[in-house]
Engineer: 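Input: one structure, supplied below.
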2 protein chains.
Amino acid sequence: MTTIREIAQLCGVSVATVSRVFNQPLTVSKEKREVVERVARELDYRPNESARALATKRSGLIGLVWDTDHRRPGWRHPYLQELLIGLKSALSAHGYHLLMLATSGSAALRAVGASLADPVAYVNMTRRHHLGGLVLIDSGSDAPAFAAFAQSGLPCVAVDVDVDGPRATYVTSDNVGGAAMAVRHLVEAGHRRIATITGPRANRPAADRLDGFRAAMAEAGLAVPPEYVVEGDFYRPSGQSATRSLIALPEPPTAVFCAGDEMAVGALLAARHAGLRVPDDLAVVGFDDIELAALVEPPLTTLAQDKAGIGVAAARAVLTMVHGGEKPPPAFLPTRLVVRSSSR
Amino acid sequence: MTTIREIAQLCGVSVATVSRVFNQPLTVSKEKREVVERVARELDYRPNESARALATKRSGLIGLVWDTDHRRPGWRHPYLQELLIGLKSALSAHGYHLLMLATSGSAALRAVGASLADPVAYVNMTRRHHLGGLVLIDSGSDAPAFAAFAQSGLPCVAVDVDVDGPRATYVTSDNVGGAAMAVRHLVEAGHRRIATITGPRANRPAADRLDGFRAAMAEAGLAVPPEYVVEGDFYRPSGQSATRSLIALPEPPTAVFCAGDEMAVGALLAARHAGLRVPDDLAVVGFDDIELAALVEPPLTTLAQDKAGIGVAAARAVLTMVHGGEKPPPAFLPTRLVVRSSSR
DNA sequence: TGAACGCGTGAAACCGGTTACAAAGAAAGG
DNA sequence: CCTTTCTTTGTAACCGGTTTCACGCGTTCA
C-alpha cells in the first residue's frame with residue numbers, strides 16, 4: 001500500500017503538502033499539485049480510510065438500522081429492495097457508504113455487555129465507527145426503540161415511522177394526499193357510500209391515510225358513518241374480515257379504500273366469496289402498489305409510492321444533518337394513483 | 001470518548017496492559033485485569049474501531065457488492081430481504097458488520113478516477129477500508145465483473161453465480177436436485193409430456209436446473225423433444241410468451257417446469273389467456289417460492305429455496321477465508337418442494 | 001548455586017493520515 | 001525602501017489503538 005509519506009518523499013515535498021493536495025487542493029501551488037497528483041496516480045495511491053477516520057473523527061459511513069422485529073416473525077418490508085437502491089445510490093453520490101450494523105448475537109456487542117436489539121448498542125457502534133448518522137427502517141413495530149434513537153442526539157432519519165428528536169426526522173409518502181386522491185377518484189366514479197379499512201392506529205402512515213380519507217370525504221360533502229371505518233393491521237386476513245363485516249351492514253358501502261394493498265387483496269377475496277362483482281358491486285382501492293396489485297383478478301387500483309425516492313430523500317436528510325445543516329422537516333413524497341380494474 | 005490512555009492512567013498501568021486486557025486477557029494477571037475491566041465499564045469505554053483497524057489492518061467489515069445492473073433495469077432480486085437477514089445475522093454472530101459499498105456516482109470513486117460499476121473500484125474500497133472480504137450478490141447478468149472479483153485474490157463469496165478464484169467460492173441452492181424433484185412430482189401426478197422454460201444459458205442456476213430436469217426425465221424414461229425446452233430470461237413476459245408457444249405446439253405439453261417463479265406466473269397468465277385451466281389442462285411448477293407464488297391464482301407449486309440459509313452459508317464461507325481457512329467448496333443448499341394448486 | 005526459562009509488564013515505535021503553528025518568500029501599501 | 005499582509009510550505013504533534021522488545025522477577029533444572 002502506497003502511503004502519503006512515500007509520495008512525499010518521491011515528490012520532494014512534505015506529507016502535509018500531499019495531504020493538502022487531496023483535501024484542499026487550492027492551497028497548494030499548481031506545480032506541486034500536479035506533480036503529487038501524477039505520482040499518486042502512478043503509484044495507484046489509495047488513502048487509508050481508517051487513518052483518515054481516526055484523524056478526522058469522520059468515517060464517511062452511514063449506519064443502517066434494520067432489525068427484523070422478533071415480535072412479528074412473518075413481517076417483510078413491502079419495498080426494501082427499492083428503498084435500498086434509492087438509499088445507496090444517493091449516499092454513493094456523496095461518497096458515503098452504508099453500514100448494516102450487526103445486532104443480535106454479535107460477539108462484539110456481547111463483549112461490552114449490550115443486550116440484544118438495544119438502541120444503546122447501536123449508538124455505541126455509531127461512536128466506535130465514527131458513523132455520521134443512522135437510517136432507521138421500520139421493522140414492524142419497534143417504535144419505542146426508534147424513539148430512543150431519536151433522543152440520542154445523533155443524526156437519524158426514520159422511514160415510515162414518525163420520530164422526533166434533536167437531530168431526528170423522518171421520510172414517508174404523502175399519505176394524506178394519497179388517500180384523498182383515492183377518495184376523489186371514487187367520488188368521480190360516482191360513489192357516495194365509501195368505507196375505509198385502516199392500518200393500526202399507532203402507525204403514522206395509517207393514521208395519515210385515515211386523515212386524508214376523512215378530509216376528502218368532507219370536501220366532497222359525504223358523510224362517514226362510524227361503521228364505515230374499520231381498523232385492520234395491514235395483513236390480508238384483516239382486510240378480508242373487515243370487508244365481510246362492511247358487506248353485512250344494513251347499508252353497505254359501494255366502495256372501500258384500503259390503507260394497504262395486502263388488505264385490499266383481502267377485500268377482493270371477501271367480495272368474491274360474497275358473490276359481489278368488483279368493481280360493479282364493490283369498488284376497491286389499495287395503497288402501496290405492491291407487485292401483487294397488478295396480478296390479482298381484477299387488477300387493483302392503488303396508490304403507488306415513490307419507493308426509491310423515499311430512499312433518496314432519507315439519504316439527503318441524513319447527509320444534510322451530517323454536514324451540519326439544520327434538521328430537515330419530515331418529507332412526504334408524492335404518491336401516484338394507478339387506476340386498474342378494481343375501481344371505476 | 002474514553003481512551004485506553006485514560007484507563008491506563010486511572011488504573012496505574014501502561015496502555016499496553018489495557019490493550020491486552022481486551023485482546024489477550026489471559027496474558028494479564030487476574031488482579032490488573034479486573035481493575036481494568038471495572039474502570040472500563042465505569043467509564044463506558046468503547047474501543048475506537050478506526051484506530052484498531054489502522055493498527056491491525058483488519059476492520060471487522062465485510063463488503064457487500066450489489067449493483068443494480070443497468071443493462072436490466074427492471075431486475076429485482078427474488079429474495080434479497082431473506083438473504084440479507086441470513087447474511088447479517090450470521091456475520092453479526094461473529095462480530096462482523098456488512099458494508100454496502102458505494103458504487104456509481106460516488107464522488108470518492110470519481111476522485112480517484114475509477115469508472116462506474118468497476119470491479120477495480122470495489123477492490124480499492126476493500127483496501128481502503130481494510131475489508132476482510134466481499135459477498136457478491138447476483139444483480140442480473142454481470143458475471144464478467146464477478147470473475148474479475150474472483151481473480152482479485154481477496155476472499156469473496158458469490159450468491160447464485162458460479163465463480164472461481166484463489167480465494168473465491170459460491171453459494172447457491174441445489175438446483176439440480178430441486179429441478180429433479182419438480183419433475184418427479186409431475187411424473188407422479190401422471191404427466192408424461194413435460195416441458196421446461198429455462199433461464200439464460202449463461203446463468204449457472206439456470207443451467208443446473210435444466211440439467212436436473214433432463215436427468216430426472218431420463219430417469220423416468222421420458223423423452224424431451226427439443227421444442228419442449230424453451231429459453232427464457234427469468235422475467236415474467238418471457239415465461240408468458242414461451243408458454244404461448246408451447247401451447248401452440250402440435251403436441252403440447254401437459255405440464256411445464258419453469259426455472260423461476262416470475263416466469264411461472266407468466267405461464268399462468270398465458271394459460272389463462274388461452275382458456276386453459278391450471279392444473280387440469282396445464283400443470284405449472286416454478287422455482288424460488290417468491291412471495292407472489294402463494295398469492296397468484298391458482299397458487300403456484302414451486303421449489304422453495306432456503307433463502308436465509310443461503311445468506312448464512314455465504315457469511316460462513318467468507319468468514320472462513322477471512323480467518324485464514326481454506327477456501328470452502330461451493331455450497332448447494334437443499335430445496336423444498338411446496339405443492340400448491342398449480343399442479344397435481 | 002548458577003544458568004535457563006517463563007511470565008507479567010512497560011516503554012516506545014508504529015499504523016497512515018490531518019492539522020496547528022511557525023517560518024520563509026512574495027506581493028502590496030505607505 | 002521598509003513594513004505589512006498573503007501565500008505556500010514544512011515540522012511536528014496528534015488521533016487511539018496494537019505490538020515488538022527488553023527487563024525484572026520467580027521457578028525449575030542441572
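The sequence lines fix the lettering, A, B, ..., with proteins before strands; numbering per chain opens at 1.
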Engineer: Once you build an axis from the first five pairs and another from the last five of the helix from C:dT1-D:dA30 to C:dG30-D:dC1, how far apart in angle are they, to 10 degrees?
Structural biologist: 40°
Engineer: Got a sec, which residues hit side-chain hydrogen bond (donor to acceptor under 3.5 Å, both in side chains) with A:Thr17, two or more places apart in sequence or on another chain?
Structural biologist: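 Counting only residues at least two positions away or on another chain, A:Thr17 forms a side-chain hydrogen bond (donor to acceptor under 3.5 Å, both in side chains) with A:Ser14.
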Engineer: What string of B, S and - do you get for nucleotides 10-18 of chain C, 5' to 3', if B is base contact, S is sugar-phosphate-only contact and - is no contact with any protein heavy atom under 4.0 Å?
Structural biologist: BB---BBBB
Engineer: Taking salt bridge (charged side-chain N to carboxylate O under 4.0 Å, His left out) as the definition, give me every residue that meets it alongside A:Arg127, ordered by chain and number, with sequence neighbours left out.
Structural biologist: B:Asp44
Engineer: Restricting to side-chain hydrogen bond (donor to acceptor under 3.5 Å, both in side chains), what partner residues turn up for A:Asp162, sequence neighbours left out?
Structural biologist: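 With sequence neighbours excluded, A:Asp162 shows a side-chain hydrogen bond (donor to acceptor under 3.5 Å, both in side chains) to A:Arg204, given in chain and number order.
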Engineer: In whole angstroms, how far is the P atom of D:dG17 from the CD1 atom of B:Ile7?
Structural biologist: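 Interatomic distance, CD1 of B:Ile7 to P of D:dG17: 8 Å.
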Engineer: For a quick check under 3.5 Å, do A:Tyr79 and A:Asp160 share a side-chain donor-acceptor pair by atom type?
Structural biologist: yes
Engineer: Just list the side-chain donor-acceptor pairs under 3.5 Å for residues 145-153 of chain A, sequence neighbours left out, or say none.
Structural biologist:
residue: A:Gln151; atom: NE2; partner: A:Asp164; partner atom: O; Å: 3.2
residue: A:Ser152; atom: OG; partner: A:Phe149; partner atom: O; Å: 2.6
residue: A:Ser152; atom: OG; partner: A:Leu154; partner atom: N; Å: 3.4

Engineer: Considering residues at least two apart in sequence or located in another chain, which fulfil the side-chain hydrogen bond (donor to acceptor under 3.5 Å, both in side chains) criterion with A:Ser173?
Structural biologist: A:Gln305
Engineer: Per the salt bridge (charged side-chain N to carboxylate O under 4.0 Å, His left out) rule, what does the pair list look like for residues 14-30 of chain B, sequence neighbours excluded?
Structural biologist: B:Lys30-B:Glu34
Engineer: Going by the salt bridge (charged side-chain N to carboxylate O under 4.0 Å, His left out) test, which pairs reach into residues 310-320 of chain B, not counting sequence neighbours?
Structural biologist: none
Engineer: When the distance from CZ of B:Arg33 to P of C:dC7 is rounded to whole Å, what number comes out?
Structural biologist: 14 Å
